[in-house]
Amino acid sequence: MQAMIDAVIPALGDAMSTVGVKGDFWRNMLGRSKESSQGDLALPCFPFAKQLDCSPNEAASRIADALELDIGEAVAVGPYVNIRASLSWLSNQINREPQSKGSILIEHTSANPNGPFHVGRARNAVLGDTFVRMHRAAGYDVTAEYYVDDMGKQVGILCWALENLDHERVHALLDEGGISSETSPHSEKQDHARVLWYQAANLLKAQDATVDSGVTELVQLSEEANADVLNRFESSYQPVLDGMLQTLGRMGINFDSFTKESRFIVDGSVEIVMEKLQSSELHGVAENGAHYLELESKGVKGKSTQFFYRRGDGSSLYATRDLAYHQYKWTQSDRLLNILGEDHKLQSRQVGIALDELGIKPPEVVFYAFTKLADGKMSTRRGNVVYMDDLLDEAQARALETVRESKPDLSEEKLVEIAEAVGISATRFNIARISPEKGITFRWSDALSLEADSAPFIMYSYARACSIQRKAGVVDAAFEFDPNLLEGSAAALIRRLAYMDDELQTAIDSRSPHNFCAWLSALAVDYNRFYRDNYVIDDDGVNAQNLYISELAREHIRRGCEAVGIIPIEEM
RNA sequence: GGGCGGUUAGGGUAGUCUGGAUAUCCUGACGGGCUUCGGACCCGUCGACGCGGGUUCGAAUCCUGCACCGCUCACCA
């Protein structure tokens with residue numbers, strides 16, 4: 001749409017001066033039409049009426065008459081000028097070579113490696129990976145980054161538990177605390193096995209003070225970069241992290257780089273950051289020697305406006321290491337994007353201000369609201385969770401039922417493969433299609449829905465197009481596409497395809513992957529309508545033009561699926 | 001108490017930044033079509049902007065008050 005606005009503005013400028021409108025305030029009044037039947041762009045003419053001393057309707061028709069467009073036509077309808085792009089102009093917008101758009105490092109997920117992935121954490125991963133994919137599809141050079149929290153309390157508790165509790169003790173504690181210690185179908189995965197130790201230690205903490213003191217000691221040593229403790233931490237969490245990454249990999253979510261938090265203690269950069277902050281005008285020191293920045297003058301409000309970055313004992317805090325981490329990330333990429341839960345909003349703002357004090361550019365951030373269960377918040381510690389591994393298994397099982405019904409002659413192996421693709425895609429799409437700032441209440445029925453505004457609908461359209469291609473063969477090289485002859489659903493489909501790059505870029509810029517998901521669904525609907533009205537293969541054989549259009553749509557659906565993490569399969 | 005987000009048909013959801021013509025899409029209910037290129041399809045009807053003021057020719061959109069929900073205000077991560 002932006003390309004079209006850019007193409008229309010000069011001609012519209014001429015028309016405005018012809019009819020006598022002064023200024024250029026009309027430039028950002030040009031908006032997208034609400035109804036496609038009214039064209040692509042619309043210009044409301046109420047404000048011109050006064051200037052031209054005529055009615056809005058009259059202003060609209062004068063402007064429409066004066067407007068000479070080479071990309072389409074303009075018609076006055078009531079007080080609006082509606083502009084419709086020609087099909088030939090639109091089809092020239094299709095399949096443009098993507099230009100290189102520079103590098104971006106997207107940090108997402110970065111969950112504490114203390115237990116299996118649950119559906120709350122999944123929103124970060126799905127959203128983050130969707131951003132990664134959309135940026136790649138649009139021509140950015142993307143690094144997908146996972147920040148490994150390899151020190152601090154969570155990992156400390158896990159390590160302490162593994163070193164101090166045996167199997168019997170763990171199960172006794174869990175039984176007593178009302179947390180299920182049943183063997184899950186995934187108990188061979190270390191994230192599922194070890195989370196029980198983590199949960200048990202959290203329960204024991206309430207009744208036995210030696211847990212806290214033990215953990216605190218470990219954490220302190222880790223913050224002093226004690227190599228022995230960091231190694232013990234790593235052997236505690238790495239198998240858990242591997243299990244989590246296995247789950248993510250199953251969902252098609254992979255990372256290019258992992259950075260450990262401890263790195264910034266070990267290499268001394270945190271210490272340097274803390275020293276630099278002392279020269280900030282915001283710097284202050286508490287009674288016991290702790291250092292902070294006073295952020296009140298920066299507009300931070302609340303009970304406390306102090307941002308502590310050094311404890312009384314001289315050690316750093318998580319947020320301090322985050323500063324060093326961002327400094328490091330800027331050496332890796334032109335742009336930085338973080339995907340964070342809304343609980344990190346204040347923290348992120350504080351870090352942004354502190355970075356600014358250090359002369360380091362703050363990252364861009366996307367926040368998302370929480371996913372909660374119908375009966376409350378999710379918590380790994382308390383065992384009130386739905387694990388992703390279980391959700392994915394269930395999604396696959398449900399999809400398998402459907403696939404088996406519609407494709408009884410396929411091999412069991414093939415059926416499972418299709419069901420897995422459908423289950424994964426549906427699960428991801430059900431998260432990605434919701435606006436990030438909106439809260440989600442997890443319900444099995446919604447999460448597993450295979451109908452409606454769903455991934456399988458899009459996948460089915462793709463499979464259908466693939467099937468047609470298999471029967472019709474490739475487009476004849478001699479065929480020349482003439483979009484001007486198209487009408488109805490075929491024209492609507494071309495129109496939809498023409499906006500793909502625009503929709504993708506807009507979704508990236510406005511950080512609304514859900515809008516691109518909606519575009520993709522709409523494309524699938526348009527393809528189904530085209531399919532209904534136009535035969536690629538009929539009694540006379542293959543219709544070259546319809547095959548050409550079908551293939552164009554197929555390619556775009558495939559690209560769209562890859563950009564949102566739907567697995568495009570050729571048969572389902 | 002302060003800050004930040006949310007509230008749109010029975011359920012879910014887009015649009016709010018940048019005010020504009022009939023508020024998007026799915027589901028649901030009701031009715032219809034095609035069903036020899038793959039029916040996990042297509043078409044029609046019904047049904048919603050939390051409440052109250054204000055600004056404007058015009059408000060879901062901007063301002064303001066209120067209500068409800070979520071997050072947050074650590075020398076935790």
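Remark on RNA chain B: of its neighbouring residues A:Val77 and A:Arg310, the 5'-side contact belongs to A:Val77, judged by nearest-heavy-atom nucleotide. Taking for each of A:Pro47 and A:Ala286 the nucleotide of RNA chain B with the nearest heavy atom, the 5'-most of the two is the partner of A:Pro47.
The CG-P distance, from A:Leu158 to B:C76, rounds to 21 Å in whole Å. A straight line from CZ of A:Arg32 to P of B:U61 spans 22 Å, rounded to a whole angstrom. Atom CZ in A:Arg464 sits roughly 8 Å away from atom P in B:C41 (whole-Å rounding). Protein atom CG of A:Leu400 is 16 Å distant from nucleotide atom P of B:A40, rounded to whole Å. Atoms CG (A:Leu295) and P (B:C4) sit 16 Å apart, rounded to a whole Å.
Here B:C57 sits opposite B:G20 as a Watson-Crick or G-U wobble pair (both hydrogen-bonding atom distances under 3.5 Å). Nucleotide B:G50 forms a pair with B:C66, judged by Watson-Crick or G-U wobble geometry with both contacts under 3.5 Å.
By the 4.0 Å N-to-carboxylate-O rule, A:Glu570 lies too far from A:Arg554 to be salt-bridged with it. In this structure, A:Glu234 pairs ionically with A:Lys260, as a charged nitrogen and a carboxylate oxygen lie closer than 4.0 Å.
No N or O donor and acceptor, one from the side chain of A:Tyr531 and one from the base of B:G38, sit under 3.5 Å apart. Interface remark: the A:Asn528 side chain does not form any donor-acceptor pair with the B:A40 base, using a distance-only criterion of under 3.5 Å.
Ring pair A:Phe46/A:Tyr80 is perpendicular by interplanar angle, where above 60° counts as perpendicular and below 30° as parallel. Using cut-offs of 30° and 60° on the angle between ring planes, the pair A:Trp519 and A:Phe516 is parallel.
For RNA chain B, the residues of residues 340-348 of chain A within the heavy-atom distance limit of 4.0 Å (strictly under) are A:Glu342, A:Asp343, A:His344, A:Lys345, A:Leu346, A:Gln347, sorted by number.
Under the stacking definition used here (centres under 5.5 Å, planes under 30°), the residue A:Tyr318 fails to qualify as stacked on the base of B:C76. In this structure, A:Tyr80 forms an aromatic stack with the base of B:A21, since both conditions hold: centre separation below 5.5 Å and plane angle below 30°.
Between A:Tyr309 and A:Tyr292, the ring centre distance reaches or exceeds 6.0 Å.
To the nearest 0.5 Å, atoms CG (A:Leu127) and CD1 (A:Ile431) are separated by 9.0 Å.
A donor-acceptor pair under 3.5 Å is absent between the side-chain atoms of A:Ser512 and the main chain of A:Ile508, judged by distance alone.
Between the C1' atoms of B:C30 and B:C71, the separation comes to 42 Å (whole Å).
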